[in-house]
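Everything on this sheet refers to the single structure shown next.
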Amino acid sequence: MADRTQGATAASAPPSRPRLPLTQDTIKGIAVVALGYGIISGADAAVKWALPEVGVAVAMIWRGVFGMIAIAILSRGQGLVPVRRPLLALRSILHCAVTVSFYLAWFRGFPLGGSYAVNAAAPLMMTVLAIPLLGEKVGWRRWTSTCVGFAGVMVILQPGGELWRWEAGMLLAAAALLALTRIWTRVLARTDTPQAIAFALLAAHVPTGFLLLPVFPPLGPLIPAWDVTLCLAFLGLANGCAHFLFARAFAIAPVSALAPYEYTTLLWGGILGFLLWAEVPALNTLVGALIVMAAGLYNLHREHVRKREAEATARDAAQGPRP
């Protein structure tokens, strides 16, 4: 899985570094981010199809190589040099762990739509992690909705159900790491361009893939048959394009307007899983996913309400006491 919120706040990047345009165009931003989620879902379906032919490590190498090429072309080679290298490197390595988790789960036959349903818990985990990492305060309403959301995860992972597998626990841990990397994206965006963050992420996949070859040995040659090669090339190029689209979207539209569209991957995952592998989600997976989505959207609503209240308080303080 790829990190789907690259560079949400690139406005604070230093003027000397190339930046994406920061004009406000919410409608265009929604269209761009929705396209990005559709592309990333197609890339995930492609790698799930290719994994039985090449293995986890080789797929990571191909994703990294072609992803870097795509971002370098789309950004015209500008703004790729990182500033906060240690944090960016740590974030990229953790995201590689997320990739390994999803690739291994898909390699072992975990449904595409089911993995997206489990990963829907990531926004809820961001709410929890934002307390110690960003110093945010979470009121009782958001705590309640977050707990309801995690109850929805348990509905998805119903004991004895089709997703009650050890891979689901691995994907939940990966979702927590994904939430952490997203928070760090907000921190890194103060100094690094979105394309630098995305490029470093995909670049880390190449050495990580080579290091993992003894653990996940190739199931064939490093350059497989032409149809699998085209699939892997699409995987990398699509990931690079999707990350670039995410960067553009979050540069021209507010996060609160774009965040709900992450859940469109549940729709894409269901459609692609059915068309390619005849995967039909169980009823508890669908119900649990709806509960998690509702909790995540409510948390987003409460965040928007808190922001408006803070802005109103700041305006009142700036105007001073009324006569």
Side-chain angles (χ1 to χ4, degrees), residues 1-5 40-41 44-45 47-48 51-52 55-57 59-60 63 90-133 143 145-184 205 208-209 211-212 215-216 262-263 265-266 268-270 272-273 277 279-296 299:
M1 287 287 293
D3 186 349
R4 298 175 178 137
T5 54
I40 206 79
S41 300
D44 290 344
V47 73
K48 189 179 189 306
L51 277 168
V56 173
M60 289 190 66
R63 182 193 186 203
L90 179 58
R91 176 190 178 276
S92 300
I93 292 172
L94 290 181
H95 205 288
C96 286
V98 174
T99 302
V100 171
S101 299
F102 276 87
Y103 283 12
L104 180 58
W106 292 334
F107 179 78
R108 294 182 58 83
F110 203 90
L112 184 67
S115 65
Y116 285 166
V118 175
N119 188 63
L124 301 175
M125 294 178 180
M126 282 189 68
T127 300
V128 177
L129 291 174
I131 299 173
L133 296 178
W143 270 121
S145 62
T146 299
C147 291
V148 170
F150 284 121
V153 174
M154 296 310 300
V155 172
I156 295 173
L157 305 178
Q158 179 182 359
E162 65 173 3
L163 300 184
W164 188 251
R165 302 163 50 174
W166 68 266
E167 294 94 340
M170 179 179 63
L171 291 179
L172 272 177
L177 287 181
L178 183 61
L180 177 60
T181 61
R182 286 176 179 172
I183 292 177
W184 280 349
H205 280 63
T208 303
L211 288 174
L212 290 175
V215 182
F216 304 108
E262 180 174 351
Y263 291 121
T265 57
L266 290 169
W268 286 114
L272 292 171
W277 298 282
E279 297 173 353
V280 179
L283 179 60
N284 65 291
T285 302
L286 296 175
V287 173
L290 289 175
I291 294 174
V292 174
M293 287 175 57
N299 279 352

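Numbering of residues begins at 1 and proceeds along the displayed sequence. All values below were derived from every heavy atom in this structure, side-chain atoms included, with hydrogens, water molecules and symmetry-related copies excluded. All figures in this text were calculated on a predicted structure; none of them were measured in a lab.
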Inset, instruction - Please work out whether the ring planes of W106 and Y116 are parallel, tilted or perpendicular, with thresholds of 30° and 60°. - result: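 Ring orientation of W106 relative to Y116: perpendicular.
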Got [X] and [Y] here, is their nearest side-chain heavy-atom distance under 4.5 Å?
X	Y	result
V56	L212	no
M170	F110	no
V118	L172	yes
T99	H205	yes
D44	W268	no
F216	M60	no

Which pair of heavy atoms, one from [X] and one from [Y], lies closest together, and at what distance?
X	Y	answer
A174	V98	O-CG2, 3.5 Å
V153	A121	CG2-CB, 3.7 Å
V148	I291	O-CG2, 3.5 Å
N284	V155	ND2-O, 3.0 Å

Legend entry - Check: A175 main-chain N/O paired with N119 side-chain donor or acceptor under 3.5 Å: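 Looks like no, no N/O pair under 3.5 Å.
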